[in-house]
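No experiment lies behind these values; they were computed from the predicted model shown. Note that ligands are numbered from 1 as they come in the structure, with each ligand's atoms numbered from 1 the same way.
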Amino acid sequence: MTNDPDLVSVPPPGCPAHTDHASPVPLYGPRYAADPGLVFDRLRRSGPVAPVELAPGVHAKLVTGYYAALGVLRSPQMFSKDPRRWRALAEGEVPPDSPVIPMMGYRPNALFADGTAHTRLRQAITDSLDRVDPHALRGYAERSADTLIDRFAPRGEAELLAGYAGVLPLLIFNRLFGLDDSDSDRLVAALAKMFEGGAGAEEGDALFGRYVQDLVALKRARPGQDMTSWLMSHPSQLTDEEMLHQCTLLIAAGTEPVQNLIGNALRLLLADDRFAGSLSGGSMSIDAALDEVLWLDPPMANYAVHYPLRDVDLGGVRLKEGEPVVVSLAAANTDPALTHAMQRSGNRAHLAFSAGPHTCPARDAARLIAAVAIERLMDRVPDVELAVPVNELQWRPGPFHRALTTLPVRFTPIQIDETSGDSSWNLAPSAWIRPAATSTPRPPDSATPARRRRWSFLAEWWRGR
Ligand code: HEM
């Protein structure tokens with residue numbers, strides 16, 4: 001089940017050598033965010049698996065070794081992906097409003113399914129993704145990127161995460177789902193409102209629910225050549241409820257990591273001497289920057305949460321049945337056991353897209369979108385530069401994402417001929433702006449009704465708490 005057959009074994013009951021006394025290391029907060037590599041080095045001293053805290057009081061084991069990570073990711077007979085097996089949550093030790101729940105709580109989608117139930121949902125997703133024409137995808141991506149650049153180009157400054165990298169995937173999804181470009185403002189506005197928090201979040205939740213429900217209803221009535229219709233007509237025969245959840249998974253799983261891949265690669269291209277500090281003047285290619293980020297700053301830093309089906313020993317540490325085992329895709333990629341040559345540009349053996357049965361089904365699409373986003377920016381605003389020194393850029397403090405809070409840039413303003421644009425791409429500028437995530441939780445809004453918001457996890461997913 002692993003490259004090393006001795007890596008995972010069932011310990012003899014009560015064996016003291018397998019008792020883990022190390023105290024958990026926090027995987028959150030500004031200190032962790034400032035230098036996760038230091039934390040991974042410390043954890044590695046305990047071996048390839050070590051205890052961590054994902055949020056105050058939320059305990060997990062973190063896998064930092066590359067081969068140990070592969071052992072977990074490729075062993076579905078030993079590790080479940082279903083959070084309903086999470087003992088501490090089921091037994092009330094982790095409160096249902098813990099900040100990790102939006103990322104770790106169960107929802108009926110492919111990511112949280114095992115065995116044949118997973119195969120059925122995943123097959124519908126992969127077969128539908130396979131039908132997406134990469135040339136058409138490139139076309140949508142270029143057009144969407146140009147639309148966004150038109151918005152900020154006359155200003156000579158922009159915040160590239162909220163105004164570009166985060167919105168671009170939404171415009172593309174809207175198209176892939178088979179909706180008109182004009183519908184994308186419903187999606188963007190819904191998510192922007194969710195980010196506002198408070199009473200706005202309630203409205204955003206309702207808007208998002210309506211967006212996916214209308215999408216499913218429309219495509220049941222009038223199928224077309226689009227992802228929604230392909231998912232529906234798949235032999236897996238997804239119900240409307242399943243359609244809602246798989247479309248939501250695609251949006252959630254597809255937007256945040258793409259935003260962070262674009263953001264982290266732009267940071268590298270704009271600030272690293274090897275890239276000559278400018279998008280146009282650098283000697284290293286965009287592809288090389290994407291490879292480097294996927295190895296060294298992968299957008300999903302720690303995720304791929306698994307739950308042991310029974311007590312099991314991994315790398316000398318006992319993993320208890322039902323305890324969360326989080327794979328550090330970032331630490332595994334930088335495992336000192338890997339040779340430097342392996343991490344060179346062009347080698348795609350990194351774990352940024354995970355591995356095993358739940359490996360990301362959209363790695364090619366994700367790379368394509370990120371590459372186009374950077375290419376278009378380079379082409380349209382060649383003198384773009386960071387508006388603050390690189391060491392003043394802040395990383396978001398949550399355990400799961402490797403994401404900047406903002407990416408402010410400046411450049412020579414460019415006048416856009418308004419009359420030459422496509423009027424269907426007519427989003428209200430305010431709908432594009434999402435507040436940057438900070439380490440300070442929003443105060444609860446007393447005006448917000450206590451009603452459960454069905455899709456509100458999306459905002460937390462993005463915010464990466
Ligand atoms: C740079 C961009 C991306 C990165 C780094 C990334 C990374 C990942 C990772 C690490 C997983 C495994 C998570 C786990 O096991 O818990 C995953 C799963 C998944 N990703 Fe991506 N992803 C990216 C883009 C996308 C895009 C654009 C889409 C949709 C078009 C997408 C759809 C999915 C889906 C549906 C799954 C669940 C697969 C399953 O459970 O079988 N991802 N992704």
Do any N or O atoms from the side chain of Y66 and from the backbone of A331 form a donor-acceptor pair under 3.5 angstrom? no
Proximity flag F112 to ligand 1, non-hydrogen atoms under 4.0 Å: no
For atom 24 (C) of ligand 1, what is the nearest protein heavy atom, given as residue, atom name and distance? A366 CB, 3.7 Å
I need the atoms of ligand 1 closer than 4.0 Å to a non-hydrogen atom of V258, numbered in the order shown. 2 (C), 27 (C)
Keeping the roles fixed (side chain from N174, backbone from D180), state whether a donor-acceptor pair exists under 3.5 Å. yes
Spacing of NE2 belonging to H118 relative to OG belonging to S80, to within rounding of 0.5 Å: 11.0 Å
Between R87 and E321, is the closest basic N to carboxylate O distance under 4.0 Å? yes
Taking only heavy atoms of G254 into account, list the atoms of ligand 1 that are under 4.0 Å away from them. 25 (C), 26 (C), 27 (C), 28 (C)
Below 4.0 Å from ligand 1: does a non-hydrogen atom of R367 turn up there or not? no
What atoms of ligand 1 come within less than 4.0 Å of a heavy atom belonging to P361? 19 (C), 20 (N), 33 (C), 34 (C), 35 (C), 36 (C), 38 (C)
For R363 and ligand 1, answer yes if some heavy atom of the residue is under 4.0 Å from a ligand atom, otherwise no. no
Can you report which non-hydrogen protein atom sits closest to atom 14 (C) of ligand 1, along with the distance? K81 NZ, 3.2 Å
With a cut-off of 4.0 Å, which atoms of ligand 1 are near a heavy atom of L329? 10 (C)
So which heavy atom in the protein is nearest atom 1 (C) of ligand 1, and how far is it from that ligand atom? L261 CD2, 3.5 Å
Any carboxylate oxygen within less than 4.0 angstrom of a Lys/Arg side-chain nitrogen, looking at R396 and E256? yes
F173 heavy atoms, cut-off 4.0 Å: which ligand 1 atoms fall inside? 29 (C), 30 (C)
Parallel, tilted or perpendicular, judged at 30° and 60°: which one describes the rings of F112 and Y106? tilted
What is the nearest protein non-hydrogen atom to atom 32 (C) of ligand 1, stated with its residue, atom name and distance? A253 CB, 3.8 Å
Atoms of ligand 1 less than 4.0 Å from S354 heavy atoms? 10 (C), 12 (C)
Should V52 and K61 count as side-chain neighbours, where that means a heavy-atom distance under 4.5 Å? no
For atom 43 (N) of ligand 1, the closest protein heavy atom turns out to be C360 CB, 3.1 Å
What about the rings of Y32 and Y28, do their centers lie closer together than 6.0 Å? no
May I ask you to list the atoms of ligand 1 that are less than 4.0 angstrom from any heavy atom of A352? 5 (C), 7 (C), 10 (C)
R107 side chain vs P102 backbone, donor-acceptor pair below 3.5 Å: yes
Sub-4.0 Å heavy-atom approach of A110 to ligand 1: yes
Protein contact to atom 38 (C) of ligand 1 [nearest heavy atom, distance to 0.1 Å]: R122 NH1, 3.4 Å
Nearest non-hydrogen contact with atom 13 (C) of ligand 1 belongs to which option: L249, D114, V293, L111? L111
Output yes when the distance from some N or O of ligand 1 to some N or O of Y303 is under 3.5 Å, and no in every other case. no
Considering only heavy atoms, does A304 approach ligand 1 within less than 4.0 Å through its side chain, its backbone, both, or neither? both
Could you tell me the separation between the CG atom of D287 and the CD atom of E375, rounded to the nearest 0.5 Å? 8.5 Å
Can a salt bridge be assigned to the pair R44 and D41 using a cut-off of 4.0 Å between side-chain N and carboxylate O? yes
Enumerated ligand 1 atoms positioned under 4.0 Å from heavy atoms of L250: 29 (C)
Among protein heavy atoms, which sits nearest to atom 6 (C) of ligand 1, and what does the distance come to when rounded to 0.1 Å? F353 CD2, 3.6 Å
Surrounding CD of E91 (heavy atoms of other residues, nucleotides or ligands, distance under 6.0 Å), is the total greater than 12? yes
Taking distance alone, with N or O pairs closer than 3.5 Å, would you say H358 contacts ligand 1? yes
Backbone N or O of A162 within a donor-acceptor pair of the E159 side chain at under 3.5 Å? yes
Which part of L121 is near ligand 1, with near meaning a heavy atom under 4.0 Å away: side chain, backbone, both or neither? neither
State whether D114 and R84 are salt-bridged, where the test is any N-O pair (Lys NZ or Arg NE/NH1/NH2 against Asp/Glu carboxylate O) under 4.0 Å. no
Protein contact to atom 28 (C) of ligand 1 [nearest heavy atom, distance to 0.1 Å]: A362 CB, 3.3 Å
Should the heavy atoms of other residues, nucleotides or ligands under 6.0 Å from CZ of R42 be counted, would the total exceed 12? no
